[in-house]
Amino acid sequence: MNVTLKVWRQKNANEEGHFETLEARNLNPNMSFLEMLDVVNNELEAESKMPVAFDHDCREGICGTCSLTINGQPHGPGEGVASCQVYMRSFKDGDTITIEPFRAKPFPVIRDLVVDRTAFDKIIQAGGFVTVRTGSAPDANAIPIPKETADLAMDAAACIGCGACVAACKNASAMLFVAAKSSQLNMLPQGQAEKDTRVLKMVATMDEAGFGNCTNQYECSAACPKLISEDFIGKMNRDYLFANLRQKFLRRKKKI
Amino acid sequence: MPTSKSFFFSSLGKKFIMGLTGLILVLFVIGHLVGNLQIFADPEVINQYAHLLHSMGPLLWLVRAFLLLTVVLHIWMAVLLVIENRRARPQGYEGEHTHRASYASRTMKFSGIIVLAFIIFHLAHFTLRVTHPEYENLRYTLQEGAYAGTEVLDVHAMMVMGFQKPLISLFYIFAVGLLAFHLRHGFGSMFQTLGLRNKHWGGVIEKTTITFAVAYFLFNAAIPLSVMAGVVDNENIKSIDDSAEVMTLPEDDSPEQTD
Amino acid sequence: MKLQANEPEGPLAEKWQRHQANIKLVNPSNKRKYEIIVVGSGLAGSGAAATFGEMGYNVKCFTYHDSPRRAHSIAAQGGINAAKNYQNDGDSIQRLYHDTIKGGDFRAREANVYRLAEVSVKIIDHCAALGVPFAREYGGLLANRSFGGAQVSRTFYARGQTGQQLLLGAYSALSRQIGLGTVDMHPHEEMLDLVLVDGHAKGIITRNKETGKVTSHAADAVVLATGGYGNVYNLSTYARNSNATAIWRAHKKGALFANPCFTQIHPTCIPVSGDYQSKLTLMSESLRNDGRIWVPKKVGDKRAPQDIPEDERDYYLERKYPSFGNLAPRDISSRAAKQVCDEGRGVGPTGLGVYLDFSDAIKRLGEDTIRERYGNLFDIYHEITGESAYQSPMRIFPAVHYTMGGLWVDYNLMSNIPGLFVLGEANFSDHGANRLGASALMQGLADGFFVIPYTIGNYLSECREKHPTDGHPAFKDAEENVRNITNKLLNTHGRHPVSYFHRELGKIMWDHCGMARTKEGLEEGIGKIQKLREQFWQDVNIPGDNEEYNQALEKAGRVADYMELGELMCRDALERDESCGCHFREEHQTEDAEALRNDQDFAYVAAWEFKGADETPVMHKEELNYKETKMATRNYK
Ligand SMILES: Cc1cc2nc3c(=O)[nH]c(=O)nc-3n(C[C@H](O)[C@H](O)[C@H](O)COP(=O)(O)OP(=O)(O)OC[C@H]3O[C@@H](n4cnc5c(N)ncnc54)[C@H](O)[C@@H]3O)c2cc1C
Ligand code: HEM
Ligand code: FES
């Protein structure tokens, strides 16, 4: 099969980007979308042209590196898949396919389809952890955790940190990511001691990075390769409110 | 270290205000609707109710001020959020795609602005009566209760007279439609923002939101429709119409006036 | 060169404790004065960097990924072993130790493996405390599953995403230290050379992926935790960017490379579907419990599987190994699949695949039962191939999955270069000639969290002087070297993109140094690789410049290293004239095609010294003198 690609090309964050039209010929429908790009790139390289830069690594939907917006959909067609899990059989011979980077101000373009997602790392650095020194942990079975709680924490923890939630959100909000990360730890007994500071700091860092605000449209969940539920956003709203209330009223009392 | 001081300036805090003011407004519009539905009863009922409200004096003004503040806060936050959201995505997508965001949710700012325009007109129309000073001539004498014998503004007649004008009725229906549309997203959204939504309630909230929006629209629309259809009428209007002829605007050519 | 393993004295079970008691401590106020470079942020690297940070050292951590969280450890699915004996099924440190060293076909170092088993217990405690959502039972306690090569249930897991959850746990600990400022994180920064000053590792040279800027970084010690090198084969279950550059360039600076030919090949992966293929996906081995493996009897039979009558099918595993049948051990079933495909009886468009047929099981148990057992695997298969395994048999083929070899290290995880430490899959230390399932994650975390933080003290406490700065001439030379390689690649302007050479190399490696190896095959392979390498330097075409984000350039540097490493792997395989674990020399097999080990002549670690790209490397032996363990014949019957 053959398809026409309309690809976003941009040399770096400081230069203007534009769409370039490329032809992808003699494709096998069983190719993955990224393999199709490999083929196109090989041809470009053979002509000494710069290949289309795109991010990828594991190519099995777990590392969260791949980050294409295919026909306006972060990670393309299909539910619960990352870009690397999209196959050419989802398209028709002769289709024109638009490929863009994940678009959001806190995700500046590095080149072509590659964006910088360090904003996510900063959010984790602010509070996405449990403070425990190596070697100081009690026996793992010392704190039983109800299976339901552990399962729910795992649902949140499944996040691969790809940023599709931001890319899909009409407002480029990072709520689903931050909610999944903060909720995972806030649900587990290990995370209780830092529950309030965690959510306060993570939200503050998220705001600083310049993400948009959630308007509860849940596009994030729909585009998420792990289909992480928007319920965690509700939980984060709750945690954040209570954390603020506790800070305001309870902390002072403790000091007296 | 962020503290609660920054709460109202955080993204979640702003949303929280949005949700809280939204909730207050929702409660108000429900109350308001229930009040208005009394139009289907004898004029005595709604006039009693209106008098009760008016006799509250300073308290009424307090409530009005509070509502005004609520609306101002709601709009203020809306403006901030919209600006920030624009800024967060300077470059849009070539092939914009929507998975599940409802049309209502994507047009909140527009439905909101038109609702605002309506609120202003509505206040001018019925509360301040600047557009129709002739309504002052609609008088009614209460028959029952503690206020029996008091002469008051005939609210029933005013509403009927107002809605007998098709343009006003249509605009009213259009506006409550938009408000219902605004709430089609806003009602459910507010639960999420206030942290009151979870796995078990998500589905219920979504269904309730749709039911609420539809019901809110139908009940509201029923009032002007019934007036236009003649199901609800008011004796008082005819006499006033004649005596107030001078004050009626000439271009007002609703069918009722021709006979 | 005499290789000093530096195993502590005393009985096996006491070595680590005694060693810990004797390790020189660095005074807390002095720790701040020491700088440590950690390259890699996988389980091993993140764990080490986080713990160094907590201890008060100054840490610089590098990864070529955009975030530490993306390291290849994230892809591990199955689980992690630990001798917790939570199931009360008789597990113990001793048993885990024995399973691991036996699984490695007695080619690993006794003391290291024992320490690994000992430390495994702490890993689970620490990770649970970090908030890793391990699977749990209804009572709230941790759940376990069993894994190959063990008779006890000791594998901890988090759905099918254990590696992801463990890595995110280690990443969270690392992130905390980055936030606190004790670790200076350098993402998108690829190490391209090691710097030695007076024979000690004192720094590295990196290239920034976004700007191309080449920078020197000096420190008191360098820790490499850069993962495995299975991508020499081009197609593997590894992430596309996993590479050997860090360890290979260190090797070229003098670090010995141990057992390079020990590569694990996993029998149940989704086969290659065409030339464009970039990646092989692992399917759980559990499928073989209910699936029957077969190929057509006739060579070149292209009929659809349903059209091939029963008596024209060859259930070759059941035929050759009647007692084990489809559950024959990993290496045996991998080799048998290769054999039938070599005969021209392989299935699928490329002829490199065998059927894994569930139709009998579906008839016997019903589709629902099969769906319940393997539904998610069937889904993955469907997603990738577009075929339903409920209707027609799956096609599977073996794929490269793990490299047991790596830089040589002593008991302290220090290489033969003082000050250079190597952790995780990048070193050779714990898995011998074959790795058991669920033990790589264990090793990465053990090395990073629990071993190196102690053992590095011995070296650092001897560094009395401040380390040289990056102005030292050794850094300038190394930077120059890096720039030279880059310029050479950019200025070749040949005819082929770099992926062409990678694909060609992969084919040579797979054919000559794959599942079954022979003297002739290996010699031929070496010749082919040398030719390909020559062609590479004349004919590779890398567009663009160094001073920009240039993925082709990055890849070219890696492939250049693979060419040299691939040759060394063949050489090592040639030299090791025995079969052991995953290294199968056709010359050495039992009657039923089991590996025939030769403990008399080959009970050693082969540690190779680099002598120049065109020179023959020199092998140094570390004899494996087992004191407490008997080298028995590996037998899973
Ligand atoms: C599909 C698959 C499934 C697996 N399943 C299991 C399992 O169930 N159980 C199990 O125990 N094991 C499993 N393994 C093996 C296990 O995942 C790995 O062996 C282990 O995670 C390696 O960890 P590491 O920290 O050594 O290296 P990695 O996680 O590979 O990390 C390497 C790090 O080094 C960095 N790096 C490398 N080179 C450079 C350079 N030149 N400059 C800068 N940075 C560099 C990378 O950016 C990365 O951060 C599996 C492996 C695969 C492929
Ligand atoms: C006066 C003009 C108004 C404007 C400009 C306006 C605008 C907005 C905007 C932009 C939002 C946010 C959209 C989102 O979160 O998706 C919003 C939410 C909302 N609005 Fe309004 N609105 C107005 C009036 C009203 C009125 C009169 C009501 C109630 C009857 C109301 C109820 C709500 C509710 C309940 C929400 C949801 C809050 C949340 O998500 O937490 N709004 N409005
Ligand atoms: S490449 Fe790893 S998730 Fe797509």
Side-chain angles (χ1 to χ4, degrees), chain A residues 11-12 28 30-31 34-35 38-39 42 45-46 48-51 53 55-60 62-65 85 87 89 110-111 114 116-118 120-121 124-126 128-135 137-141 144-147 150 153-154 157-158 160-161 184-185 188 190-191, chain C residues 50-51 54 65-67 69-70 72 74-75 86 122 124-126 128-131 133-142 158-159 161 164-165 168 172-173 175-176 178-179 187 210 239-241 273-274 276-279 281 383 385-386 449 453 495-497 499 541 543-544 548-549 551-552:
Chain A
K11 188 152 187 223
N12 54 47
N28 180 324
N30 286 327
M31 268 181 181
L34 301 190
E35 285 166 350
D38 289 341
V39 169
N42 275 341
E45 281 176 49
S48 298
K49 292 193 188 132
M50 265 329 250
D55 239 347
H56 65 98
D57 201 24
C58 74
R59 298 207 176 190
E60 55 182 68
I62 192 73
C63 73
T65 312
Q85 295 167 297
Y87 286 81
R89 66 182 91 87
I110 291 174
R111 174 164 211 150
V114 180
D116 181 349
R117 286 165 286 185
T118 20
F120 273 10
D121 290 315
I124 302 297
Q125 286 156 19
F129 47 76
V130 175
T131 298
V132 48
R133 223 172 300 107
T134 307
D139 185 88
N141 262 350
I145 302 175
K147 186 172 172 8
M154 182 62 220
I160 62 174
Q184 177 202 340
L185 300 178
L188 294 170
Q190 291 90 331
Chain C
T51 310
E54 282 168 10
H65 286 103
D66 64 335
S67 155
R69 64 173 291 152
R70 310 245 191 255
H72 177 54
I74 204 127
Y86 281 162
K122 289 190 179 172
I124 302 302
D125 298 341
H126 187 53
L130 283 172
F134 284 120
R136 289 184 180 259
E137 297 164 351
Y138 281 99
L141 301 183
L142 291 164
R159 297 210 181 127
Q161 290 145 265
Q164 180 201 26
Q165 292 311 315
L168 293 183
S172 73
S175 294
R176 185 166 85 88
I178 299 171
E210 293 168 31
R240 273 316 271 167
N241 297 310
S273 64
Y276 50 78
Q277 188 98 15
S278 63
K279 154 93 193 180
T281 303
E383 187 186 282
T385 62
F449 275 126
R495 285 172 304 165
H496 293 294
S499 47
N541 189 359
E548 60 182 329
Y549 188 83
Q551 289 173 316

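Labels below follow one simple rule: chain letters A, B, ... track the order of the sequence lines, proteins then strands, and each chain is numbered from 1.
Under the 3.5 Å distance criterion, the side-chain polar atoms of C:Q165 are matched with a main-chain donor or acceptor of A:A157. Between the side chain of A:E45 and the main chain of C:A552, no donor-acceptor pair closer than 3.5 Å is present. A donor-acceptor pair is defined here as one N or O able to donate and one able to accept, closer than 3.5 Å; no such pair exists between the side chain of A:R59 and the backbone of C:K279.
Under 3.5 Å, the side chains of C:S278 and A:E35 contain a donor-acceptor pair of N or O atoms. In this structure, a donor-acceptor pair under 3.5 Å is present between the side chains of A:N42 and C:S499.
For a residue to count as touching a neighbouring chain, one of its non-hydrogen atoms must lie under 4.5 Å from one of that chain's; by this rule C:L141 touches chain A with backbone and side chain alike. When heavy atoms are compared at a cutoff of 4.5 Å, C:F134 approaches chain A solely by way of its backbone atoms N, CA, C and O. Interface residue C:H126: backbone and side-chain heavy atoms are both found under 4.5 Å from chain A. With a 4.5 Å cut-off on non-hydrogen atoms, A:A153 touches chain C through its backbone and its side chain both. For chain C, the nearby parts of A:I124 are the backbone and the side chain; heavy atoms of each come within less than 4.5 Å. Contacts of C:K122 with chain A are absent, with no heavy-atom separation under 4.5 Å from either backbone or side chain. Looking at A:R89, the atoms closer than 4.5 Å to chain C (heavy atoms on both sides) all sit in the side chain, from C-beta outward. For chain C, the nearby parts of A:I145 are the backbone and the side chain; heavy atoms of each come within less than 4.5 Å.
Minimum heavy-atom separation, A:L188 to C:G131: CD1-O, 3.4 Å. Scanning both residues, C:G139 and A:P144, for their nearest heavy atoms gives O-CB, 4.0 Å. Residue A:A150 comes nearest to C:R136 through the heavy atom pair CB-CD, 3.8 Å, listed as atom of the first residue, atom of the second, then distance. The shortest heavy-atom contact between A:H56 and C:N241 is O-ND2, 2.9 Å. For the pair A:I160 and C:R69, the tightest heavy-atom approach, listed with the atom from each and the gap, is C-NH2, 3.0 Å. When every heavy atom of C:N541 is checked against every heavy atom of A:S48, the shortest pair comes out as ND2-OG, 3.1 Å.
Most heavy-atom pairs under 4.5 Å with chain A: of the set C:R159, C:H65, C:H72, this distinction falls to C:R159. Between chain C and the options A:C58, A:P138, A:A126, A:A140, the largest number of non-hydrogen pairs under 4.5 Å is found for A:A140. When each of A:D121, A:N28, A:V130, A:V39 is scored by its heavy-atom pairs under 4.5 Å with chain C, the top score falls to A:D121. By number of non-hydrogen pairs under 4.5 angstrom with chain A, the leading residue of C:L168, C:T281, C:L142 is C:L142. When each of C:P187, C:A50, C:G386, C:S273 is checked for heavy-atom pairs under 4.5 Å with chain A, C:G386 comes out on top. The candidate with the highest count of non-hydrogen atom pairs below 4.5 Å against chain C, out of A:Q85, A:M31, A:K11, A:Q184, is A:M31. Interface remark: of the candidates C:E54, C:E137, C:R176, C:R176 forms the most heavy-atom pairs closer than 4.5 Å to chain A. Comparing C:A75, C:G179, C:A128 by how many heavy-atom pairs each has under 4.5 Å with chain A, the most go to C:A128. Annotation: maximal heavy-atom pairing with chain A below 4.5 Å, among C:R240, C:E210, C:Q161, C:R495, occurs at C:R240.
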task = Give the intermediate values and the outcome of side chain to side chain contact (heavy atoms under 4.5 Å, CB included) for residues A:R111 and C:Q551.
result = CA-CA 10 Å; A:R111 174 164 211 150; C:Q551 289 173 316; over 6 Å; no
A:N30 vs C:Y276, test: side chain to side chain contact (heavy atoms under 4.5 Å, CB included). Steps then yes/no. CA-CA 10 Å; A:N30 286 327; C:Y276 50 78; 4.0 Å; yes
* Asked: Stepwise, does the side chain to side chain contact (heavy atoms under 4.5 Å, CB included) test hold for C:D66 with A:F120?
  -> CA-CA 11 Å; C:D66 64 335; A:F120 273 10; over 6 Å; no
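Residues passing the side-chain contact (heavy atoms from CB on, under 4.5 Å) test with A:T65 are A:D55, A:D57, A:C63, A:R117, C:R70, sequence neighbours excluded.
Expressed to the nearest 0.5 Å, how far CG of A:L185 lies from CG of C:L130 amounts to 9.0 Å.
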